[in-house]
Amino acid sequence: MSKYVKQLIIDNYRQRFAGLTDAVLVNVIGLKGPETVALRSRLRQKGIRLLVIKNSLAARAAAGTPLARLFDGISGPCAICWGGEDVVTLAKELVQLEQDGRMKPFAARAALVNGAKISGAQLAEVSKWPTRQEQLSILAGQILAVGRILSGQLLASGGRLAGQIKKLAEETSPETNPVQSEATG
């Protein structure tokens, strides 16, 4: 491959990797054509991209970026996955694919999570974290719980007071108290 073609590939990788802080290197060697199409289709539905790369050119393209650590010590053919809603969604999908027996040689080799390089085995732990959407719903529930408790406490005291006033009003009302209505009549 000529230097010119290599530079074109490096530039293409730089464009694709621009702004990436989370990515996973996976092994796709050994997948047959139909399996590869099914894999790419499944990942595309989740908004995840898969790109088979040449390690040396990808390492040059990532030099000077947070993604550079991902390529340290990597040898042999691999592919890079990125995208999805967040890194946890990406990890969940890739771990699920790895545990699924249909795409047997597929496996995570290394990952970059918030700038920290982790192994493929540690990616399984990341997949157990709550996703961004789940974290937001947990946070919203915790915020609303305080207001709900305060509202309940305020309404309970006010409800008791209103009940006591109503009971007192019924006791002193001439229509409901026959002893008072005979005395006035």
Side-chain angles (χ1 to χ4, degrees), residues 1 3-140 142:
M1 185 179 329
K3 287 183 179 183
Y4 178 74
V5 173
K6 286 181 183 179
Q7 190 57 46
L8 287 175
I9 293 171
I10 291 170
D11 292 342
N12 185 321
Y13 285 170
R14 274 196 192 119
Q15 276 184 324
R16 289 177 183 235
F17 300 160
L20 280 184
T21 57
D22 304 314
V24 180
L25 288 179
V26 295
N27 179 30
V28 292
I29 301 303
L31 289 176
K32 301 202 181 339
E35 294 169 336
T36 303
V37 170
L39 172 69
R40 288 177 183 271
S41 174
R42 182 172 172 177
L43 292 176
R44 195 175 308 117
Q45 289 172 355
K46 302 281 183 168
I48 299 171
R49 295 178 173 212
L50 174 82
L51 177 66
V52 177
I53 57 171
K54 180 155 176 58
N55 295 347
S56 60
L57 298 180
R60 281 191 223 164
T65 68
L67 201 60
R69 283 189 226 166
L70 185 61
F71 298 104
D72 291 342
I74 295 296
S75 63
C78 62
I80 185 169
C81 291
W82 74 93
E85 187 177 312
D86 58 359
V87 69
V88 178
T89 306
L90 174 65
K92 284 183 184 208
E93 187 64 27
L94 296 179
V95 167
Q96 187 178 12
L97 280 167
E98 188 175 340
Q99 292 173 349
D100 188 10
R102 292 182 290 172
M103 306 209 186
K104 193 62 176 166
F106 182 85
R109 294 177 62 184
L112 192 67
V113 177
N114 295 329
K117 185 176 178 180
I118 62 173
S119 69
Q122 291 170 320
L123 189 66
E125 292 299 317
V126 173
S127 71
K128 295 175 185 171
W129 295 353
T131 63
R132 182 179 186 278
Q133 196 66 27
E134 292 168 346
Q135 288 176 343
L136 289 175
S137 66
I138 290 168
L139 181 63
Q142 291 173 344

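Everything quoted here is computed from the prediction, not taken from an experiment. Along the sequence shown, the residues carry numbers beginning at 1.
- Judged by distance alone, the side chain of Arg60 and the main-chain N or O of Ile10 form no donor-acceptor pair under 3.5 Å.
- Taking CD1 from Ile118 and CG from Leu112, the interatomic distance works out to 8.5 Å, rounded to the nearest 0.5 Å.
- At least one side-chain heavy atom of Leu31 sits less than 4.5 Å from a side-chain heavy atom of Pro105.
- A distance of 9.0 Å separates CD1 in Ile9 from NZ in Lys54, rounded to the nearest 0.5 Å.
- Looking only at distances, a side-chain donor or acceptor of Glu98 sits under 3.5 Å from a matching main-chain atom of Ala108.
- Nearest heavy-atom pair across Gly76 and Arg109 is O-NH1, 3.7 Å.
- The one candidate from Leu50, Val113, Leu90, Val87 that meets the side chain to side chain contact (heavy atoms under 4.5 Å, CB included) condition with Val24 is Leu90.
- For the residue pair Asp11 and Gln15, no side-chain donor N or O sits within less than 3.5 Å of a side-chain acceptor on the partner.
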**OP:** I would like to know whether Arg42 and Glu93 meet salt bridge (charged side-chain N to carboxylate O under 4.0 Å, His left out); could you show each step before the answer?
**Re:** CA-CA 9 Å; Arg42 182 172 172 177; Glu93 187 64 27; 2.8 Å; yes
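- Separation of atoms CG (Leu97) and CG (Leu43) is listed at 5.5 Å; rounding is to 0.5 Å.
- Distance CG/Asn12 to CZ/Arg16: 4.5 Å, rounded to 0.5 Å.
- One distance of note links OG of Ser127 with CD of Gln99; it measures 7.0 Å at 0.5 Å rounding.
- We find the CG-CG distance between Leu25 and Asn55 to be 7.5 Å, quoted to the nearest 0.5 Å.
- Side chain of Asp22 to main chain of Asn114: a donor-acceptor pair is present (N/O by atom type, distance under 3.5 Å, no hydrogens or angles).
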Subject >> Residue pair Tyr13, Ile53: steps toward the side chain to side chain contact (heavy atoms under 4.5 Å, CB included) verdict >> reply: CA-CA 9 Å; Tyr13 285 170; Ile53 57 171; 3.7 Å; yes
**OP:** Could you walk me through whether Leu39 and Phe106 pass the side chain to side chain contact (heavy atoms under 4.5 Å, CB included) test, one step at a time?
**Re:** CA-CA 9 Å; Leu39 172 69; Phe106 182 85; 3.9 Å; yes
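- Here the shortest heavy-atom pairing between Asn27 and Pro77 reads OD1-O, 4.3 Å.
- Between the side chain of Gln122 and the main chain of Ser119, a donor-acceptor pair closer than 3.5 Å is present.
- The two atoms that bring Cys81 and Val26 nearest to each other are SG-CG2, 3.9 Å, heavy atoms only.
- Between Phe71 and Ile80 there is a side-chain heavy-atom pair separated by less than 4.5 Å.
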**OP:** Give the intermediate values and the outcome of side chain to side chain contact (heavy atoms under 4.5 Å, CB included) for residues Val28 and Thr36.
**Re:** CA-CA 8 Å; Val28 292; Thr36 303; over 6 Å; no
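- Between Ala68 and Ala63, the shortest heavy-atom distance links the atoms CB-CA, 4.2 Å.
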Subject >> Audit row: Glu125, Lys128, salt bridge (charged side-chain N to carboxylate O under 4.0 Å, His left out) steps and yes/no >> reply: CA-CA 5 Å; Glu125 292 299 317; Lys128 295 175 185 171; 3.6 Å; yes
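- Annotation: Lys117, atom NZ; neighbour count of heavy atoms from other residues, nucleotides and ligands within 6.0 Å is above 12.
- When all heavy atoms of Val95 and Ala124 are compared, the closest pair comes out as CG2-CA, 3.8 Å.
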